[in-house]
Amino acid sequence: MRSSALDADARVQRILATVDSIQKGRVASYGDVAREAGLPRQARLVGRVLGRLPSGSKLAWHRVVDAAGRIRVGGASAREQKRRLEREGVAVSTKNRVDRAFFAFARQRNLD
DNA sequence: TATATGACGACGA
DNA sequence: ATCGTCGCCATAT
């Protein structure tokens, strides 16, 4: 038995389910996905999981960008992600950036 | 047990 | 707005 509340596989499942919950035409940051999955502070784990997805995966991995709305993947995958996003109506700047208006789990700012 | 790594995030210059 | 640094944390070696 694992001593942790959630074993590695359970965390992966939660992350996949959360990414799958992002509506078409919206995006979410790695940190947002982690938080929604009940795994706060584990944005990097989300990135690791998405980076190891099997080739034929049906998951909408392209809907995940960094906290600034920027595409964090390199090479051909970056163009692929941009293409997929634009295809569903998400505007991506020439600098591979998505506006906050497209964020699914929009963060409310504390007006203190 | 210790050190390195990374599809991240927050900040300051 | 951009870039460098440092903080975070599960994994890998």
Side-chain angles (χ1 to χ4, degrees):
Chain A
M1 296 299 279
R2 297 283 157 260
S3 46
S4 52
L6 264 42
D7 60 34
D9 196 59
R11 287 188 267 217
V12 171
Q13 294 312 312
R14 286 186 177 222
I15 289 170
L16 298 182
T18 302
V19 171
D20 196 56
S21 76
I22 304 172
Q23 300 164 284
K24 184 179 181 182
R26 318 303 303 279
V27 299
S29 73
Y30 297 91
D32 286 342
V33 171
R35 184 162 44 68
E36 287 292 315
L39 303 168
R41 302 294 189 280
Q42 291 187 205
R44 303 189 91 138
L45 178 58
V46 174
R48 184 191 299 277
V49 170
L50 295 186
R52 288 178 171 283
L53 285 176
S55 307
S57 179
K58 186 73 173 59
L59 193 71
W61 56 270
H62 59 285
R63 294 179 190 152
V64 184
V65 295
D66 73 12
R70 262 181 139 341
I71 288 177
R72 271 297 215 161
V73 65
S77 300
R79 290 195 304 279
E80 174 67 9
Q81 179 165 15
K82 180 177 181 181
R83 190 184 73 72
R84 289 195 187 194
L85 286 173
E86 295 179 325
R87 189 179 181 110
E88 50 186 68
V90 176
V92 181
S93 76
T94 56
K95 291 177 180 172
N96 285 351
R97 192 193 209 143
V98 176
D99 190 89
R100 284 206 182 298
F102 291 100
F103 274 59
F105 307 107
R107 351 172 135 183
Q108 294 300 331
R109 211 168 284 271
N110 270 355
L111 331 157
D112 51 358

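Order of the sequence lines sets the chain letters (A, B, ...), proteins ahead of strands, with each chain counted from 1.
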Rounded to whole angstrom units, what separation is found between the CD1 atom of A:I71 and the P atom of B:dG9?
14 Å
Tell me the interatomic distance from A:F105, atom CZ, to B:dC8, atom P, rounded to whole angstroms.
18 Å
A:A43 and A:A34 have their tightest heavy-atom pair at N-CB, 3.9 Å
Gap between atoms CZ and P, on A:R72 and B:dG6 respectively (whole Å):
13 Å
A:I71 versus A:A78, closest heavy-atom pair with distance:
CD1-O, 3.9 Å
Can you check each nucleotide of nucleotides 1-11 of chain C against protein heavy atoms at under 4.0 Å and return B for base, S for sugar-phosphate only, - for none, in 5' to 3' order?
-S----BBSBS
salt_bridge(A:R84, A:E80) N-O dist < 4.0 Å
yes
So does A:A101 get a backbone contact from the side chain of A:R26, meaning a donor-acceptor N/O pair under 3.5 Å?
yes
Consecutive Watson-Crick or G-U pairs in runs of at least 3, all under 3.5 Å, in which DNA chain B is involved
B:2-6 with C:9-13, B:8-13 with C:2-7
Could you pull out the closest heavy-atom pair between A:R63 and A:L85, with the gap in Å?
CA-CD2, 4.2 Å
If every non-hydrogen atom of A:F102 is compared with every non-hydrogen atom of A:A91, which pair is closest and at what distance?
CZ-N, 3.6 Å
What distance do A:I22 atom CD1 and A:H62 atom NE2 have between them, rounded to the nearest 0.5 Å?
9.0 Å
Give the rounded distance in Å between these two atoms: CZ of A:R52 and P of B:dA7.
10 Å
Please report the shortest heavy-atom distance between A:V98 and A:F103, naming the atom on each side.
O-CE1, 4.4 Å
Between B:dG9 and A:S29, is there an OP1 or OP2 to side-chain N/O distance shorter than 4.0 Å?
yes
